[in-house]
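Here's the structure we're looking at; comments come further down.
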Amino acid sequence: MDAIFEGLTDAQTKAVRHVDGPMLILAGPGSGKTRVVTHRIANMLAHGIPAWQIAALTFTNKAADEMRTRVDTLAPNQPVWMGTFHRFCAQHLRRLAPMVGLSENYSIYDTSDSKQAMKRAIEAAGVSTTHASPDQIAATISHAKNRLTSPEMMEGQALRPREAIAARVYPVYQQQLLTANAVDFDDLLLHIARLLRENPEVRAELDARHKYILVDEYQDTNLAQYAIVRALSIDCPNLAVTGDPDQSIYGWRGADLNNILDFEKDYPSVTTVRLEKNYRSTPNILRVADQLIRHNTQRKQKDLFTDNPEGDAVVLRFYDDGYQEADEIASEIAAAIMGQSMRPSDFAVFYRMNAMTRSLEHALRSHSLPYQIVNGLEFYQRREIKDLLAYLHLINNPSHDVALTRVINVPTRGIGAKTISRLRAFADSEGIPMLAAARRANEIDGLAKRSASMVAKFVRLYDHLQIKATAPLEDLLRYLVEETAYEAYLEKTAVEQQDTSPMANVDELITAAVEFDRQHPEDGSLDAFLEQVALVADTDAFENENDRITLMTLHAAKGLEFPRVFIIGVEDDMLPHSRSKSSQLEVEEERRLLFVGITRAKEQLQLSCCKRRAMRGDVRPVIPSPFLNELPLTEMSRVESSPKQDWFDDEMDQSYPDSWDLPDENDSQVRETIGQSSGVDEDSEYNQEVERDQMPGAKSAAASNVGSGSRLQSGLQTAAELMARKSTPLSVYREGTQVRHVEYGEGTIVDVSGRGPKRIARVKFEEEEHSFRLAFAAEDLEVVD
DNA sequence: CGTCGCGATGTTTTT
DNA sequence: CATCGCGACG
C-alpha cells in the first residue's frame with residue numbers, strides 16, 4: 001500500500017485514490033500520467049476489485065505493454081485486461097460474430113487487404129474512379145464508419161459529390177466483406193458499437209463484465225470508440241479517462257476532440273484531476289511548448305510548470321538543405337556520444353513524413369551510428385511474408401477472397417489474371433466466396449478446360465493443406481512451405497535484393513510461429529496468431545531496450561520521451577503539412593503535432609528548418625514554418641547555417657576527435673555490423689511479462705527493420721567501442737586485396753563497384769565467386785595482410 | 001500465360 | 001524519386 005502512494009503529489013494521489021464513478025484526468029505532457037494510471041490500477045486491486053473486472057484501453061500495443069509491465073511490478077500476475085481498442089473489439093467479436101453475420105473465424109483485413117477489396121467493390125458497383133480514387137473512396141467510407149454511419153444512413157444523407165460516390169460503393173464493399181467472412185479495422189469498432197447499441201442483453205452483460213474501464217489518450221477517441229466506452233459505463237459508470245486535448249493528433253482518423261472537451265457534461269458526477277506539473281522537461285523546453293500551444297483556440301487552458309533545472313536554450317537551427325541537416329545532426333550526435341558520454345538511445349529525430357528518413361539514414365551510417373527506424377517497410381509487408389500469411393489466412397478462413405487472389409497463382413501454377421477474374425465474376429454472381437467458386441470451376445462459362453483443371457489442382461492443394469490446419473503453427477508453416485515448393489519459387493523469382501534474403505524472412509516468420517506456439521500451448525489457434533499479426537502496428541516494433549538512435553514520425557513519438565530531441569523539417573507545407581492547411585482546425589492539429597514533438601524532449605531540443613529541400617526529384621526553396629514565429633524566439637538560440645566549425649560550443653569542440661571527421665575519400669566509409677540474431681539474449685523477465693499479448697514476431701521484425709534490412713548489433717555501448725568499430729574503413733577493400741571469408745576461405749577481390757552503402761566487391765575464391773555488399777558483409781570479410 | 005519495360009502518377013499522419 | 005499499373009512482347 002505504501003508503495004502505491006509513495007512520492008505522489010496531491011493531484012496524483014487524488015487520482016490514484018479514486019475508485020468508483022467517472023473520472024477525468026487531464027494530464028499534461030510528462031506529468032506522470034502512466035504512473036498515475038498504473039498506481040491507480042494497483043490501488044483498485046488492493047481494494048479487492050477483481051482484476052478481470054478492470055479493462056484498460058489504449059491506442060497502441062506499445063502503450064498497453066508499457067502499462068502491463070508497470071502494473072506487474074506493483075501487482076504481479078493480475079489478469080487485468082490491457083490492450084488496444086481494436087484488440088478489445090476483436091476479442092469480443094470473436095465470440096459475438098454470429099450476431100453480425102460473421103463466423104468466429106472471421107479475418108481481419110489489413111490496410112492493403114481492404115484496398116484490394118475496395119477496388120473489387122468499386123468495380124462491382126460499377127462506379128467510375130475518374131472523380132474519386134479508390135483511396136479517396138476508402139477514406140470516405142472509413143470516415144463514415146468511424147462516425148457510425150451505416151450504408152443505409154449514408155444513402156439518406158450523402159450530399160457532397162465524393163460522399164455520394166462512396167455511398168454507392170459502401171454497401172457493396174460491406175456485403176463483400178461479409179461474404180468473405182472478414183472485417184476491416186474500422187469494422188472491429190463499428191460492429192461492436194452497433195451490437196452494444198442494438199442489443200441490450202449484450203450491452204448489459206459486457207457492462208457488468210467490465211465494471212471498471214480506463215481509457216488512455218481519450219482525446220484520440222472517435223465516435224465509435226466513444227459509443228463503445230459509453231455503452232459499457234451505464235450500469236457501472238466507473239469510467240476513468242486520461243488525456244490531453246493539446247495532444248490530440250488523430251483528427252484525420254476521426255478522433256473527436258469534443259469527446260474529452262465535453263466529458264464533464266457527459267458525466268456530470270465526474271471527478272476531474274489536472275496533472276500540470278511536468279517531470280520531464282526543462283523550463284526552457286516547456287516555455288517553448290507553452291507559447292506555441294497558446295495559439296490554439298480548441299483547448300482547455302493548462303499551466304505547465306516544472307521544478308527541473310533551467311537547462312539549455314532550445315535551438316532553432318537553419319540549414320542549407322536536407323543533406324546538411326542530416327549530416328550535421330549526425331555529427332552532433334556522434335560528438336555528444338564521444339565527448340559527453342551520451343548513449344545513442346538518448347537521441348531521437350522526429351519528422352512529419354516518413355519520406356524524410358533517407359538522408360538521415362545515410363548520414364547516420366556514415367557516422368557509424370546505430371539507429372532504428374520506427375515504421376519503415378515492415379516485416380509483414382514483405383512479399384514472401386504476405387504470401388505465406390495469405391495461405392494461413394485462407395486455411396483459417398476459406399472465404400478470404402483477398403488471400404485467395406494472392407496465392408492462387410503463387411507459386412505460379414498457370415492460373416492467370418483472366419481465370420481469376422472469371423472466378424471472381426462467378427463468385428459475385430452467385431454471392432459465394434471465390435474458393436467455393438473455384439470448386440465449381442467446371443460450371444463457369446468460358447473457362448478453358450486447361451484453366452479449370454489448374455484451378456481444380458489448386459483446390460486439391462488447398463484441401464491438402466487444410467489437413468494441417470489445427471497442427472502447431474510451426475508444423476503448419478513448414479508443411480506449407482514444403483507442399484507449395486515455396487522455396488524453389490523464391491529462388492527462381494528472387495530479384496537479387498541486396499538487403500535481406502527472402503528465405504531468411506521466411507525463417508523469421510517460422511521463428512515467430514514457434515514462439516507463438518510456445519506461448520500459447522493450449523489455445524494456440526491459427527485464429528489467434530493471425531489476429532495478433534493483423535493488429536500489430538509499426539510503432540510497436542519500437543524497442544527502447546536497444547541502444548540506438550530513434551527515428552520516427554511525430555505521430556509515432558507520442559507517449560515517449562528522450563533526453564535529446566531533434567525535430568527536422570519545421571517548414572511551411574511540411575509541418576503545417578500542405579494538405580492540412582485548408583481549415584483552421586487542421587492547422588491547430590498540426591500545431592499540436594509540433595507540441596507533442598517538443599514535449600518529448602527532456603534536456604535538449606533542436607528545431608530545424610532548411611533553406612531548400614529536395615522533394616520528389618527537384619530541389620525547391622523552402623519557407624520556414626509559420627509556427628516558428630509563434631515561439632519565444634528571443635530566449636531561444638538561433639543558429640544560421642554556417643561553416644561547420646562554428647556551431648559547436650567550446651566544450652564540445654575540444655572533445656571532437658579528428659579521427660571522427662568525415663571519411664576522407666568519397667563517402668564510402670559506411671560501416672555496419674551484423675549482429676547475431678537479436679532477441680536471443682533479450683531480457684527473459686521482460687519477455688515473460690509481456691508475452692501474453694505481445695506478437696512474438698514483432699521483436700524479430702523490429703530487428704530486421706534496422707538499417708534498411710541489415711541487423712545491427714545492439715550492444716553498442718561506449719564511444720570507445722564506436723571508435724573501434726570504424727577501424728577498418730571500407731576503402732581497404734580494393735581490387736586485388738586479399739581477403740578471408742568466414743565461410744569461403746581466402747580469396748581475391750576482382751572487382752569493386754557502387755559507392756556508399758551500395759558498394760559491392762566481387763571476390764574470387766578457390767572455386768567460386770561471390771559478391772558482397774561491403775557495408776553489411778565487411779565483418780565477415782577479413783583483410784589478409 | 002508470364003515477363004519485362006515503359007510510362008505515368010502521386011506523394012501525411014495509423015489501428 | 002519510387003512505386004505502381006498497364007501495355008506489349010515472347
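Letters go in sequence order (proteins before strands), and every chain restarts at 1.
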Return the value, rounded to whole Å, for the distance between atom [atom1] of [X] and atom [atom2] of [N].
{"X": "A:M552", "N": "B:dT14", "atom1": "CE", "atom2": "P", "answer": "11 Å"}
{"X": "A:F185", "N": "B:dT14", "atom1": "CZ", "atom2": "C1'", "answer": "9 Å"}
{"X": "A:L535", "N": "B:dT14", "atom1": "CG", "atom2": "C1'", "answer": "13 Å"}
{"X": "A:N61", "N": "B:dT15", "atom1": "CG", "atom2": "P", "answer": "8 Å"}
{"X": "A:E590", "N": "B:dT13", "atom1": "CD", "atom2": "P", "answer": "11 Å"}
{"X": "A:H555", "N": "B:dT14", "atom1": "NE2", "atom2": "P", "answer": "7 Å"}
{"X": "A:K558", "N": "B:dT14", "atom1": "NZ", "atom2": "P", "answer": "12 Å"}
{"X": "A:L593", "N": "B:dT14", "atom1": "CG", "atom2": "C1'", "answer": "13 Å"}

Verify the distance criterion only: is there a donor paired with an acceptor across the side chains of [X] and [Y] at less than 3.5 Å?
{"X": "A:Y226", "Y": "A:D256", "value": "no"}
{"X": "A:Q219", "Y": "A:E217", "value": "yes"}
{"X": "A:K418", "Y": "A:S451", "value": "no"}

Quick one: stems for DNA chain B, with Watson-Crick or G-U pairs under 3.5 Å, at least three in a row?
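The stems are B:1-10 with C:1-10.
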
Just so I know, are the side chains of [X] and [Y] near enough to count as touching, which here means a heavy-atom distance under 4.5 Å?
{"X": "A:K115", "Y": "A:D135", "value": "yes"}
{"X": "A:H191", "Y": "A:H92", "value": "no"}
{"X": "A:L57", "Y": "A:Y218", "value": "no"}

Name all residues meeting the side chain to side chain contact (heavy atoms under 4.5 Å, CB included) criterion together with A:A438; count only those two or more places apart in sequence or in a different chain, and write none if there are none.
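Here the qualifying residues are A:L423, A:V455, A:V459.
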
Apply side chain to side chain contact (heavy atoms under 4.5 Å, CB included) to A:A90 and list each qualifying residue two or more places apart in sequence or on a separate chain.
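Scan of A:A90 (side chain to side chain contact (heavy atoms under 4.5 Å, CB included), adjacent residues dropped) gives A:Y106, A:I108, A:L188, A:E531, A:L535.
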
Validation row, ring centre A:W252 to ring centre A:H577 under 6.0 Å
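Not under 6.0 Å, so no.
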
Once you measure the plane-to-plane angle for A:H210 and A:F88, does it fall in the parallel (<30°), tilted (30-60°) or perpendicular (>60°) bin?
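The arrangement is tilted - the two ring planes meet at 30° to 60°.
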
On DNA chain B, compare the nucleotides closest to A:M353 and A:D186; which residue's is nearer the 5' end?
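Its nearest nucleotide lies further toward 5', so the answer is A:M353.
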
Hey, is A:Y250 doing a stacking thing with B:dT13, by the 5.5 Å centroid and 30° angle criteria?
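No, A:Y250 does not stack on the base of B:dT13, since the centre distance and plane angle fail the 5.5 Å and 30° test.
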
What nitrogen or oxygen pairs link the protein and nucleotides 5-10 of chain C at under 3.5 Å?
residue: C:dG5; atom: OP1; partner: A:K119; partner atom: NZ; Å: 3.0

Please enumerate all residues that pass ring-ring contact (aromatic ring centres under 6.0 Å, His included) together with A:F59, with sequence neighbours excluded.
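Partners of A:F59 under the ring-ring contact (aromatic ring centres under 6.0 Å, His included) test: A:F85.
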
Report, one pair per line, the protein and nucleotides 1-4 of chain B atoms (nitrogen or oxygen only) whose separation is under 3.5 Å.
residue: B:dC1; atom: OP1; partner: A:G416; partner atom: N; Å: 3.3
residue: B:dC1; atom: OP1; partner: A:T419; partner atom: OG1; Å: 2.8
residue: B:dG2; atom: OP1; partner: A:N409; partner atom: ND2; Å: 3.0
residue: B:dG2; atom: OP1; partner: A:G414; partner atom: N; Å: 3.2

Check every strand shown and say whether A:F59 touches a base, only sugar-phosphate, or nothing at a heavy-atom separation below 4.0 Å.
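Sugar-phosphate, backbone atoms only, no base.
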
